[in-house]
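In what follows, chains carry the letters A, B, and so on, assigned in the order in which the sequence lines appear, proteins first and then strands, with residues in each chain numbered from 1. For clarity, every value in this text was computed on a predicted model and none was experimentally measured.
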Amino acid sequence: MAGAAGPGTGPVAAGGDGDDSLYPIAVLIDELRNEDVQLRLNSIKKLSTIALALGVERTRTELLPFLTDTIYDEDEVLLALAEQLGNFTGLVGGPDFAHCLLPPLESLATVEETVVRDKAVESLRQISQEHTPIALEAHFVPLVKRLASGDWFTSRTSACGLFSVCYPRASNAVKAEIRQHFRSLCSDDTPMVRRAAASKLGEFAKVLELDSVKSEIVPLFTNLASDEQDSVRLLAVEACVSIAQLLSQEDLEALVMPTLRQAAEDKSWRVRYMVADKFSELQKAVGPKITLNDLIPAFQNLLKDCEAEVRAAAAHKVKELCENLPPEGRETIIMNQILPFIKELVSDTNQHVKSALASVIMGLSTILGKENTIEHLLPLFLAQLKDECPEVRLNIISNLDCVNEVIGIRQLSQSLLPAIVELAEDAKWRVRLAIIEYMPLLAGQLGVQFFDEKLNSLCMAWLVDHVYAIREAATNNLMKLVKKFGTEWAQNTIVPKVLVMASDPNYLHRMTTLFCINALSEACGQEITTKQMLPIVLKMAGDQVANVRFNVAKSLQKIGPILDTDALQEEVKPILQKLGQDEDVDVKYFAQEALSAVAQRLRKLDFPAKDSEEPSAPGADKNHFLRPRGPGEDTGKAHTERAARVVSEEAVEAARFRGTDAAKVSPRTGTPQLLPGARAVRAPSVLSLEEEECGRESWRMNFL
Amino acid sequence: METKLPPASTPTSPSSPGLSPVPPPDKVDGFSRRSLRRARPRRSHSSSQFRYQSNQQELTPLPLLKDVPASELHELLSRKLAQCGVMFDFLDCVADLKGKEVKRAALNELVECVGSTRGVLIEPVYPDIIRMISVNIFRTLPPSENPEFDPEEDEPNLEPSWPHLQLVYEFFLRFLESPDFQPSVAKRYVDQKFVLMLLELFDSEDPREREYLKTILHRVYGKFLGLRAYIRKQCSHIFLRFIYELEHFNGVAELLEILGSIINGFALPLKTEHKQFLVRVLIPLHSVKSLSVFHAQLAYCVVQFLEKDATLTEHVIRGLLKYWPKTCTQKEVMFLGEMEEILDVIEPSQFVKIQEPLFKQVARCVSSPHFQVAERALYFWNNEYILSLIEDNCHTVLPAVFGTLYQVSKEHWNQTIVSLIYNVLKTFMEMNGKLFDELTASYKLEKQQEQQKARERQELWQGLEELRLRRLQGTQGAKEAPLQRLPPPVATSGGQS
């Protein structure tokens, strides 16, 4: 009932805080308990505004009690509440009153839903820092104790996360109590609580005195590491890293190592996986001596574990492990104790293991030096370049730079080529996309001549790939290659081939020419752009497909800044004016866009006073938000897509749709326009491609 | 392609006569959902149990049990049990074929013997038997081949060593069911640790194994009174971990099936521990993503509780309303189904307590754009018992749903839904014409009031926002302009509430 929250304050009762009392708490609380969850959630998210309106005193005396009492709500609302309260200290009157926030957070810390509880604990940790030492012992520590002895597991799990924040500032007597509570949670009856305790063990150990670590934490660690549930044991491995950092070598050997050795041999693969996963941290924590005596043999076992998951996790750590070995004797250790196992893994039965290894193995060459690399690693690289799994090959190719530094890429080039060619033609477009991205790097390492002989044709073939993302990546790739090899090379090898596509029967290929020109013009410079590219672009203004025409307008806008006044005035402007009268609305729109950009540019050129302007017109680029976007483009959407990495045929399909369909986006609304029947002949919609295929020769999609 | 094996297709598979009948999980979704994903190539999956296997000793066939005189029977039995404790690698299907065959024959003979021969189970063989069973069945389950294993869509990983494992389970089952079996002797070996490991095996992806485990655990629960509380506690730990930590455990449906029959046997009045299990474990189980896999069993358990103790109804329904799915329509349909099952057994006195929030939710379901959800909700009115409850309480129920029904009847895209709603409205009209007319008349007014309220809310928040900004600018700004723009409606609406 709203009345409970203090109806005595009338709407106009003027309090000491001036205008604050104009908001009766009942109204505000009504907002907080609206029937509609969404509205309730909105109100909770603006809880600070409400608190501000009430002033610090009434927030303490009226709002917080209300929040504490009505804690039963949707988890989403509770989550927002838990988050808000973490930043509430100022709103209740500063650190002196921070303890007022504890009651609602305490209830939230006992809620069932994990995210709510975790957030409440996070906020409590935050607030604990704002308590004075006295308030901490008077209010915060009792709260932790209450939670730690709560009868449902939720409060006890929450308590586990609070020990380490109050321990350092507590008095000795209280410290002993805190340790006692933590101890009992480590042997709790409920596995959930033991897991929570195990996961905070390392954190707690760090704030304890060294003696207590040895006398109390280590036994707890040993117990948790031999828990009956593997889910608890594996968390102990994590704690091991923190504990090991605190102890001397002798103590480590005596107190921790027996347990760690046991964990590396655990009967549950999950625990062994955890050891493999945390290997580098463990290695650093125990130091070089124990690493050599204990960890290397353990690592060998993990590399030949019977579960592929464990082997893959260990394979991932090979490079880091080798890097972190002490420099003296490192080479021998790697050669004698690690390499034989790696050799086995190269022909592992599981592709995840192989690809994990392939992602790090190249890094060994810098550690082992030229001779060893040629003699021992090279055969492995070559074998992996021929692996049946594309991911393995890709991982090798993507790390070629490491090898290049050590032995030069020539050694590999004979095997590299077939691998690259195969990846370039892989049926999965994401694989093709990945290899394209390495092309500039490869080109730099292999040199112009090798590139022209072997790889150039691949790069050109990608321009007519049937997936838009590939065509687009291929375009960018060309630009990077030109930057690397220079304009002369571009003029001789790339530009002619690109320009030939301008008269391709497939409109998508004709558009690719335009996209290439957009990308290449700046790298190629004024002369090539004016003499070779511009005529082609202008000629394409007469294309029968509207998509090509409006892309001509966009290209002209794009290359405008590179051209000189004469070309702009006499060639570009007339064509744009003509396109400005086009029957198609989109062509008109983009032509006018381009026209105004060109006009601006001409004005600037006429007044050389503003000589210092940047070479490209930034304003023009900003208007480009409507540019057709493909899946490979750097938009938010593209990111999520790439992150998902679900390679399926549908994805290819979708990419194709988006790639071309997006070409016809209404410039004003930004949403795809429904094409009126009369204009349905026009190419943009891929959906209609099939009909057109049978209908009109010129529209046929002759990809590849 | 191989299809999921129905657990009871093999002749030796356990029939579960002891389990009280549990309705078969009927699919709510009428569409067959064939996986679009291509079948993954089967990777032979390893099992950690062979990790420390040292040199395999050669197995030689022993004489048949029936061929030896009674005096030597037990000695031979124990040798056979030891023989059956030797493990074989089934990943390599041609390795040690002879040994595998010897063990298979021995297991078969043991199954036969323990099931039919009286007087075999004397005290000294118990430890040997339990040891043999433990060695064979207790193992760390291998990592799932498919981390996003979806029990509805994907093929389960079948246990490669099943040819032996099945016989071991069969033997275990017959051992427990044998008339000679003495729980008082066995409890020394079938202890808490044993049960814990047994429970962990329920995560097996192989449905055949889970089926055996289900029957076995049920027998263990029945015969070892001392382990009952422990089993219940461990089950609830498994569930809680499944709900709040992992969202992955393959045997939830099987465990719930056992619990269904356990709940059935609870004595009245229910202990607090059991009520807590319902409220804190079973109800939150509804929030899990893969609910469809075990919903039938779960709903059965819930209804069992309510049949035992009707006073739990309010807790249960409020709990379901709390976890009501927000976006997953498939789950929403399941919730509606379960709600109807509950309403079927609800006592009128309990109905009164929850009718308002319940029917507000039902109304929200009716307005769902997914027609299956709307349809499922509207089917409540076809249930005569529910209809009679509605009729008895129409002064509360009708106002709770009227606005939504009225609006949806004009707006819903699906004609079936629209006509169903018309039927419901017609029922209401016949039920209480006067109330119906009143509600129709006040509908418009309420809409306007809602808009008015929304406006007031907006103004309130605007005022608060301005105040906040002024505060941020510093105190002096606040003093200069003492809130002249505060909208008057705030005060009135405050007075109303």
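Nearest heavy atom pair, residue B/Arg457 against residue A/Leu39, reads NH1-CD1, 3.5 Å. For A/Glu309 against B/Pro143, the heavy-atom pair with the smallest separation is OE1-CG, 3.1 Å.
Between B/Lys322 and A/Glu112 no salt bridge is recorded (no basic side-chain N to carboxylate O distance below 4.0 Å).
No side-chain heavy atom of A/Met192 sits less than 4.5 Å from a side-chain heavy atom of B/Tyr244. Counting only heavy atoms from C-beta outward, the side chains of A/Thr114 and B/Glu245 never approach each other to under 4.5 Å. Residues B/Thr140 and A/Glu307 have side chains not in contact (no heavy-atom distance under 4.5 Å, counting atoms from C-beta outward). When side chains are defined from C-beta on, A/Glu228 counts as touching B/Leu196, because their heavy atoms get closer than 4.5 Å. A 4.5 Å side-chain heavy-atom check between A/Ser231 and B/Arg241 finds at least one atom pair inside the cut-off.
Your options are A/Arg195, A/Arg117, A/Arg270, and the one with the most heavy-atom pairs under 4.5 Å with chain B is A/Arg195.
Neither the backbone nor the side chain of B/Lys193 comes within contact range of chain A; no heavy atom of the residue lies under 4.5 Å from a heavy atom of that chain. Heavy atoms of A/Thr154 lying under 4.5 Å from chain B are absent altogether. Interface remark: A/Tyr273 contributes no atoms to any contact with chain B (heavy atom separation under 4.5 Å).
With rounding to the nearest 0.5 angstrom, the CD atom of B/Glu466 is 12.5 Å from the OG1 atom of A/Thr49.
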